[in-house]
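Position 1 is the first residue of the sequence; numbering continues from there.
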Amino acid sequence: MSADASPGVALEGLDVVADYIWANEGAGSLSWDRFIHVFDLVQNGNQAFRENHFEEAINYYSRANEVKPGDPIILSNRSAAYSRISQFLKQRPASASESKPLNGLDPTMHAELALKDAEKVMNLRNNSVNPYILKASALILLEKYELARDVFLSGLQVDPFSNTLRASLQNLERLRANTLRRTLGKPERSDDFDCTLCLKLLYEPVTTPCGHCFCRSCLFQSMDCRNRCPLCRTVLFISPRECAISVTLNNIIQKNFPEEHAERKSEHESLTNLGVDLIPLFVLDVVIPCQKFSLHIFEPRYRLMVRRIMEGNHRMGMVTLDSATGLIVDIACEVEIAECEPLPDGRFYLEVKSGRRFRIIRSWDQDGYRVAEVDWLQDDPPKMRAELQDVTNNAAEYVQSWLRRVKESARQDRRRLDKLLSVEAMMPSPLDPERFSFWLATLSDMKPYEKLELLRTRDTEERIKRGLVYLRAAEQGCSVQ
């Protein structure tokens, strides 16, 4: 996406992105080949950013973040790119959207992603001015002006002479003065404030291009089956990412019907935040901890599930069916959605990482998909902790030697090298034998029943030994499956 500067929300300090240099590495936490790879990705992202191709820049920064997670330079640059896209979309006139709609874009979601990255940078570098500028800019785009003002003031405590912070604070004060309007009368409660789908008070209201208002979740649950307005049947080319909440209508509802709005919020949160021991289930394949892979979500029931997950803790269970009974197996693995890309037709492209194991106690249907009550599993405490650590350390040395050989053989194949670097980046510390034992198993191509056996195994040392057997059996091909 290419964007030109346009008047509107005045944001300072978002025009410059930092280059990635060796000095950023400190003691040198990356090997030279991985540093060069990250350096190239960031340089390409910066070039795209300076040419106002912000989506392209975000793609490069995200790939760099996969190789070097949590780097403040990468996160700062990506946060600025997210904010620039959000700013462009907020300033785009409605008439332009009618003649040339943009699919898959939402200024609110981009601002939230910018805020998420900025907060990570602030935790890493709270003595620098830049994180305060990035965080406050994202908050302004989210129309959270009071919070943005507090962030600017905190930044001025770090550097009282920062011209950028001073100018940003002045712009914010002018913006607040221009947008501050008080509602003198309180509207009467009528069905004008109800969603015509659920017949309840509008919650997170959105307005379609044809002018009708619905609850955000109700509209997109309806569009999972047919992409038409539920009232006038106009074909809609919108997605949850593109269709932002109607801020003014939402504020009116919250201020004038606070108790009913609180009930709707509680009802919504009960679907998106299930609790510690409840988890939605995606029925597909056997997954073990420490894996990273992609998913394509197209079924209406799972589209609904993913939207709710993204509003909650971004986690779901990955489970498979028993081939003999046709029922879901009783043991599975939790996955976290690291990246979620809504597609124009309502589908989702996900990047997920697997985490904890669990045993299913009971499960039931909820709006078409399965939800389960679970018991989280851990390995039994080792009888000889020192011996287990020795076994883990020896396995780690063998695997690192194996990875060096495989990377050397894949040096001319960039795609294969990227995959190896991504797998290597997931490697846990040998000081955590249980997680290391699962990561070791991800290096080999295993059948579903073999993965289930590893999930059921609660002996860490036994799992490490099995992982080495599989790896040595596959070593002749030197491939990571």
**Student:** Do N393 and Q389 meet the criterion of a side-chain donor-acceptor pair at a distance under 3.5 Å?
**Tutor:**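 A pair is found: one side chain offers a donor N or O, the other an acceptor, under 3.5 Å apart.
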**Student:** Heavy-atom count check: over 12 atoms from other residues, nucleotides or ligands less than 6.0 Å from F293 CZ?
**Tutor:**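 More than 12 within 6.0 Å, yes.
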**Student:** Tell me if a side-chain donor or acceptor on R34 pairs with a main-chain N or O of V67 at a distance below 3.5 Å.
**Tutor:**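 Indeed, once roles are kept as given, a pair shorter than 3.5 Å links the two residues.
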**Student:** Can you give me the closest heavy-atom contact between T442 and C290, atom names plus distance?
**Tutor:**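 Of all heavy-atom pairs spanning T442 and C290, the closest is CG2-O, 3.7 Å.
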**Student:** Is the shortest side-chain N to carboxylate O distance from R264 to E267 below 4.0 Å?
**Tutor:**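 Here R264 pairs with E267 in a salt bridge, since their nearest N and O are under 4.0 Å apart.
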**Student:** In Å, rounded to the nearest 0.5 Å, how long is the span from CZ of R216 to CZ of R307?
**Tutor:**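 Going from the CZ atom of R216 to the CZ atom of R307 covers 9.0 Å.
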**Student:** Does V287 reach the side chain of K451, with side-chain heavy atoms less than 4.5 Å apart?
**Tutor:**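 SC-SC contact between V287 and K451 ruled out.
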**Student:** Please check if the side chain of R356 supplies one atom and the backbone of W376 the other of a donor-acceptor pair under 3.5 Å.
**Tutor:**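 Side chain of R356 to backbone of W376: no pair is present.
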**Student:** Using only heavy-atom distances, determine whether the side chains of E51 and Q47 contain a donor-acceptor pair under 3.5 Å.
**Tutor:**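 Indeed, the side chains of E51 and Q47 share at least one donor-acceptor pair under 3.5 Å.
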**Student:** Is there a side-chain contact between R84 and Q87 (heavy atoms, below 4.5 Å)?
**Tutor:**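 Side chain of R84 against side chain of Q87, heavy atoms only: contact under 4.5 Å found.
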**Student:** Do I288 and C333 have side chains that get closer than 4.5 Å, going by heavy atoms?
**Tutor:**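 Not in contact.
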**Student:** Any non-hydrogen side-chain atom of L350 less than 4.5 Å from a side-chain atom of V335?
**Tutor:**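 The answer is no; the side chains never approach within 4.5 Å.
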**Student:** List the atom pairs, donor and acceptor, that lie under 3.5 Å between side-chain atoms in residues 311-320 and the rest of the protein, sequence neighbours left out.
**Tutor:**
residue, atom, partner, partner atom, Å
E311, OE1, H268, NE2, 2.3
N313, OD1, R315, N, 3.0
H314, NE2, M310, O, 3.1
R315, NH1, N313, O, 3.3
R315, NH2, E336, OE1, 3.4

**Student:** Within 45 degrees of the ring normal and closer than 6.0 Å to the centroid, is that where the cationic atom of R472 sits relative to Y398?
**Tutor:**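 Output yes; distance and angle both within limits.
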**Student:** Stepwise, does the side-chain contact (heavy atoms from CB on, under 4.5 Å) test hold for I85 with M109?
**Tutor:** CA-CA 10 Å; I85 291 181; M109 180 170 289; over 6 Å; no
**Student:** Taking E462 first and then R466, would you say they form a salt bridge - that is, a charged N and a carboxylate O separated by under 4.0 Å?
**Tutor:**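 Looking at E462 and R466, the cut-off is met.
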**Student:** Can you name the closest pair of heavy atoms from A18 and V42 and give their distance?
**Tutor:**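 For A18 versus V42, the nearest heavy atoms are O-CG1, 4.2 Å.
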**Student:** To the nearest 0.5 Å, how far apart are CE in M122 and OG in S128?
**Tutor:**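 The CE atom of M122 sits 9.5 Å away from the OG atom of S128.
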**Student:** For N123, what residues pass the side-chain contact (heavy atoms from CB on, under 4.5 Å) criterion, not counting sequence neighbours?
**Tutor:**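 If we apply the side-chain contact (heavy atoms from CB on, under 4.5 Å) test to N123, skipping adjacent residues, there are no hits.
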**Student:** I need the E351 CD to E66 CD distance, nearest 0.5 Å.
**Tutor:**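 It is 6.0 Å, given to the nearest 0.5 Å.
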**Student:** Does any N or O in the side chain of N44 come within less than 3.5 Å of the main-chain N or O of D40, such that one atom is a donor and the other an acceptor?
**Tutor:**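 Side chain of N44 to backbone of D40: a pair is present.
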**Student:** Roughly how far, to the nearest 0.5 Å, is the NZ atom of K465 from the OH atom of Y470?
**Tutor:**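 Taking OH in Y470 and NZ in K465, the distance rounds to 15.5 Å.
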**Student:** Which pair of non-hydrogen atoms, one from L141 and one from A111, has the smallest distance, and what is that distance?
**Tutor:**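 Scanning both residues completely, I find the closest heavy atoms to be CB-CB, 3.8 Å.
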**Student:** Start with the C-alpha distance between L147 and L142, add both sets of side-chain angles, then the distance that settles side-chain contact (heavy atoms from CB on, under 4.5 Å), and finish with yes or no.
**Tutor:** CA-CA 10 Å; L147 293 177; L142 292 169; over 6 Å; no
**Student:** Surrounding NZ of K353 (heavy atoms of other residues, nucleotides or ligands, distance under 6.0 Å), is the total greater than 12?
**Tutor:**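 12 or below, so no.
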**Student:** Is NZ or CZ of R303 both nearer than 6.0 Å to the six-membered ring centre of F348 and within 45° of the ring axis?
**Tutor:**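 Geometry flag: not set, cation outside 6.0 Å or 45°.
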**Student:** Is it true that R357 and D379 have a side-chain N and a carboxylate O under 4.0 angstrom from each other?
**Tutor:**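 The answer is yes: the pair qualifies as a salt bridge.
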**Student:** If I compare all heavy atoms of L202 with all of P205, which pair ends up nearest, and what's the gap?
**Tutor:**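 Nearest pair, atom of L202 first, then P205: CB-CB, 4.1 Å.
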**Student:** Would the distance check show the side chain of R78 and the main-chain N or O of N65 forming a donor-acceptor pair, the cut-off being under 3.5 Å?
**Tutor:**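 No; zero donor-acceptor contacts below 3.5 Å.
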**Student:** Using modelled atom types only, decide if a donor and an acceptor are shared between the side chain of R125 and the backbone of P131 within a distance under 3.5 Å.
**Tutor:**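 Not a single qualifying donor-acceptor pair exists.
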**Student:** Looking only at the aromatic ring of each residue, does the gap between the centers of Y20 and F35 stay below 6.0 angstrom?
**Tutor:**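 Between F35 and Y20, the centre distance is under 6.0 Å.
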**Student:** Do any N or O atoms from the side chain of W439 and from the backbone of E424 form a donor-acceptor pair under 3.5 angstrom?
**Tutor:**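 Checked: no pair found.
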**Student:** Identify the two heavy atoms, one from S354 and one from Q291, that lie closest to each other, and give their separation to 0.1 Å.
**Tutor:**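 What the structure gives for the nearest pair is OG-N, 2.7 Å.
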**Student:** When you measure from the side chain of R463 to the backbone N and O of T457, does any donor-acceptor pair fall under 3.5 Å?
**Tutor:**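 Between the backbone of T457 and the side chain of R463 there is a qualifying donor-acceptor contact (under 3.5 Å).
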**Student:** Step by step, would you call S401 with R404 a side-chain contact (heavy atoms from CB on, under 4.5 Å)?
**Tutor:** CA-CA 5 Å; S401 173; R404 283 194 296 270; 3.7 Å; yes
**Student:** Side chains of T207 and S246: is there a donor and an acceptor less than 3.5 Å apart?
**Tutor:**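 Yes, S246 and T207 have a side-chain donor paired with an acceptor closer than 3.5 Å.
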**Student:** Distance only, no hydrogens: is a donor on one side chain within 3.5 Å (strictly under) of an acceptor on the other, for N46 and Y61?
**Tutor:**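 Looking only at side-chain atoms, Y61 and N46 do form a donor-acceptor pair, the distance falling under 3.5 Å.
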**Student:** Ignoring hydrogens and angles, state whether a donor on the side chain of S222 or R226 is under 3.5 Å from an acceptor on the partner side chain.
**Tutor:**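 Short answer, no.
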**Student:** Does the D224 side chain pair with the main chain of E299, one donor and one acceptor, at a distance under 3.5 Å?
**Tutor:**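 No.
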**Student:** Do L304 and R308 come within less than 4.5 Å of each other through their side chains, counting heavy atoms only?
**Tutor:**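 Yes, their side chains come closer than 4.5 Å.
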**Student:** Taking side chain as C-beta onward, heavy atoms only, is F436 less than 4.5 Å from L431?
**Tutor:**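 A side-chain contact under 4.5 Å is absent here.
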**Student:** Please find the pair of heavy atoms, one from V247 and one from E143, that lie closest to each other, and give the distance.
**Tutor:**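 So the two residues come closest at CG1-OE1, 3.1 Å.
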**Student:** When the ring planes of F49 and F54 are compared, do they come out parallel, tilted or perpendicular, using 30° and 60° as the limits?
**Tutor:**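 Perpendicular, since the angle between the ring planes exceeds 60°.
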**Student:** What is the distance from atom CZ of R370 to atom CE of M305, rounded to the nearest 0.5 Å?
**Tutor:**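 Rounded to the nearest 0.5 Å, the CZ-CE separation comes out at 12.5 Å.
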**Student:** Rounded at 0.5 Å granularity, tell me how far CD1 in I297 sits from OH in Y349.
**Tutor:**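 Spacing of CD1 (I297) from OH (Y349) equals 11.5 Å.
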**Student:** For the pair D459 and K383, find out whether any cationic side-chain nitrogen is under 4.0 Å from an anionic carboxylate oxygen.
**Tutor:**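 Salt bridge flag = no for K383 with D459.
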**Student:** Any side-chain heavy atom of T234 within less than 4.5 Å of one from T208?
**Tutor:**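 Result no, sub-4.5 Å side-chain heavy-atom pair not found.
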**Student:** Under the 3.5 angstrom rule, does the side chain of T392 hit a backbone N or O of L388 as a donor-acceptor pair?
**Tutor:**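 Confirmed, T392 side chain pairs with L388 backbone.
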**Student:** Return yes when atom CZ of R233 has more than 12 non-hydrogen atoms of other residues, nucleotides or ligands closer than 6.0 Å, and no otherwise.
**Tutor:**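 Enclosed.
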**Student:** Between D194 and K200 (salt bridge meaning N to carboxylate O under 4.0 Å), is one present in this structure?
**Tutor:**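 Judged by the 4.0 Å cut-off on N to carboxylate O distance, D194 and K200 do not form a salt bridge.
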**Student:** Can you check whether L113 reaches D117 side chain to side chain, under 4.5 Å on heavy atoms?
**Tutor:**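 Counting from C-beta outward, L113 and D117 never come under 4.5 Å.
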**Student:** Given 3.5 Å as the limit, does a donor-acceptor pair link the side chain of S62 with the main chain of I58, or not?
**Tutor:**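 Yes, the answer is positive, given that a donor and an acceptor are paired below the 3.5 Å cut-off.
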**Student:** Do D277 and D375 pass the side-chain contact (heavy atoms from CB on, under 4.5 Å) test, and can you show the C-alpha distance, the side-chain angles, and the key distance before you say yes or no?
**Tutor:** CA-CA 7 Å; D277 298 325; D375 180 26; over 6 Å; no
